[in-house]
Amino acid sequence: MKILMVCLGNICRSPLAEGVLQDLAKKAGLNWQVNSAGTNGYHTGEPPHHYSIKVAKQNGIDISKQRSRKFTSADFEQYDLIYVMAEDVLDDIKRIGRNNFVSEKVRLFLDESFPGQYKDVPDPWYGTENGYHDVFEIINNNCKNIIKKYTNK
Ligand code: 4NP
């Protein structure tokens, strides 16, 4: 299965989601490809935010080699499942995807833990380091639920 994690800048939230789900899937013996992208392209080519790199590293995951890239309409053809970190990101990928938009492939990331509650992963970009630790916990718990769903473990 090919999974794409999407946020706005692809430097704070989705790089963590990529790193965490990749790590958990590997440990669960799942042959998944997990990548990430951002809808605004402001940080194209940049590594993840230093606090995202730091919290991931503290949890045994190296995301430092990731590079930000912009989400494209072709991603609807390349991926089986597209997780958006927030509702504004969903609006963006509808706009970018245009005729390629496939609603069946798209899910609000936290819907896996809180179905129907339309919860966003908070954007830590405007806050302090603490926000990145909180976001890591949210993402890690949700990724564990995704693994449970697909492995019945
Ligand atoms: P992210 O956070 O979407 O979690 O990567 C952001 C990073 C940068 C910007 C917005 C959100 N920005 O506008 O530059």
Side-chain angles (χ1 to χ4, degrees), residues 1-26 32-98 100-103 105-147:
M1 188 154 70
K2 290 177 74 174
I3 300 175
L4 188 66
M5 302 293 187
V6 188
C7 64
L8 299 175
N10 191 210
I11 54 167
C12 301
R13 293 166 292 178
S14 62
L16 284 172
E18 172 184 334
V20 170
L21 191 64
Q22 224 164 44
D23 181 64
L24 292 175
K26 195 174 169 197
W32 286 359
Q33 181 187 319
V34 188
N35 298 111
S36 64
T39 55
N40 71 21
Y42 296 166
H43 298 273
T44 296
E46 293 178 19
H49 191 280
H50 59 281
Y51 286 146
S52 286
I53 292 177
K54 183 176 172 182
V55 292
K57 194 175 174 192
Q58 284 175 349
N59 288 278
I61 299 169
D62 179 12
I63 63 166
S64 66
K65 291 178 191 67
Q66 292 184 29
R67 292 295 176 266
S68 175
R69 76 153 172 98
K70 193 174 191 300
F71 181 86
T72 72
S73 64
D75 286 319
F76 285 105
E77 290 157 9
Q78 296 296 320
Y79 289 90
D80 305 305
L81 191 51
I82 296 172
Y83 281 119
V84 291
M85 296 294 122
E87 278 197 284
D88 55 351
V89 180
L90 177 60
D91 295 338
D92 283 349
I93 70 165
K94 274 183 190 160
R95 177 178 49 79
I96 296 167
R98 295 170 68 99
N100 271 1
F101 180 81
V102 183
S103 64
K105 289 189 175 186
V106 181
R107 279 179 216 157
L108 195 57
F109 181 65
L110 289 183
D111 213 48
E112 298 290 12
S113 300
F114 309 99
Q117 293 187 35
Y118 299 97
K119 279 185 193 282
D120 290 351
V121 178
D123 191 346
W125 172 246
Y126 301 99
T128 63
E129 181 176 346
N130 278 343
Y132 289 77
H133 290 276
D134 295 345
V135 160
F136 183 90
E137 282 310 307
I138 292 168
I139 288 175
N140 194 33
N141 287 332
N142 196 59
C143 286
K144 285 181 188 165
N145 286 335
I146 293 171
I147 296 288

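No hydrogens, no waters, no symmetry mates; every other heavy atom, side chains included, goes into these values. All residue numbers in this chain count up from 1 along the given sequence. Read the numbers this way: they start at 1 and go in the same order the structure lists the ligands and their atoms.
Between N10 and ligand 1, at least one pair of N/O atoms sits closer than 3.5 Å. Residue P124 has no N or O atom closer than 3.5 Å to an N or O atom of ligand 1.
Using modelled atom types, one side-chain atom of N141 and one backbone atom of E137 make a donor-acceptor pair closer than 3.5 Å.
Residue, atom and distance of the protein heavy atom nearest to atom 11 (C) of ligand 1 are D123 OD2, 3.1 Å. Protein heavy atom at the shortest distance from atom 10 (C) of ligand 1 is W125 CD1, 3.8 Å. Annotation: atom 4 (O) of ligand 1 to nearest protein heavy atom, R13 NE, 2.8 Å. If you check which protein heavy atom lies closest to atom 1 (P) of ligand 1, you get C7 SG, 3.5 Å.
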CA sep, side-chain torsions, deciding dist, call: Y118, E87, side chain to side chain contact (heavy atoms under 4.5 Å, CB included): CA-CA 8 Å; Y118 299 97; E87 278 197 284; 3.7 Å; yes
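Of all atoms in ligand 1, numbered sequentially from 1 with element shown, those under 4.0 Å from a heavy atom of G9 are 1 (P), 3 (O), 5 (O). For ligand 1, the atoms lying closer than 4.0 Å to a non-hydrogen atom of Y42 are 12 (N), 13 (O), 14 (O). Atoms of ligand 1 lying under 4.0 Å from at least one heavy atom of H43, given by number and element, are 8 (C), 12 (N), 14 (O). Which parts of ligand 1 touch I11 is read off a 4.0 Å heavy-atom cut-off, strictly below it: atoms 5 (O), 7 (C).
At least one side-chain heavy atom of P15 sits less than 4.5 Å from a side-chain heavy atom of N10. Inter-residue side-chain proximity for D23 and K26 is flagged as unmet; no heavy-atom pair is nearer than 4.5 Å. Residues Q22 and Q33 form no side-chain contact, since every pair of their non-hydrogen atoms from C-beta on lies 4.5 Å or further apart.
A salt bridge links R13 and D123; the closest N-O separation between the charged side-chain nitrogens and carboxylate oxygens is under 4.0 Å.
In summary, the aromatic rings of F76 and F71 are positioned with their centroids under 6.0 Å apart.
Heavy atoms of H49 come nearer than 4.0 angstrom to ligand 1 in no pair at all.
Counting all heavy atoms, side chain and backbone alike, A17 lies closest to C143 at O-SG, 4.2 Å.
Looking at M85 against ligand 1, nothing comes within 4.0 Å, counting heavy atoms.
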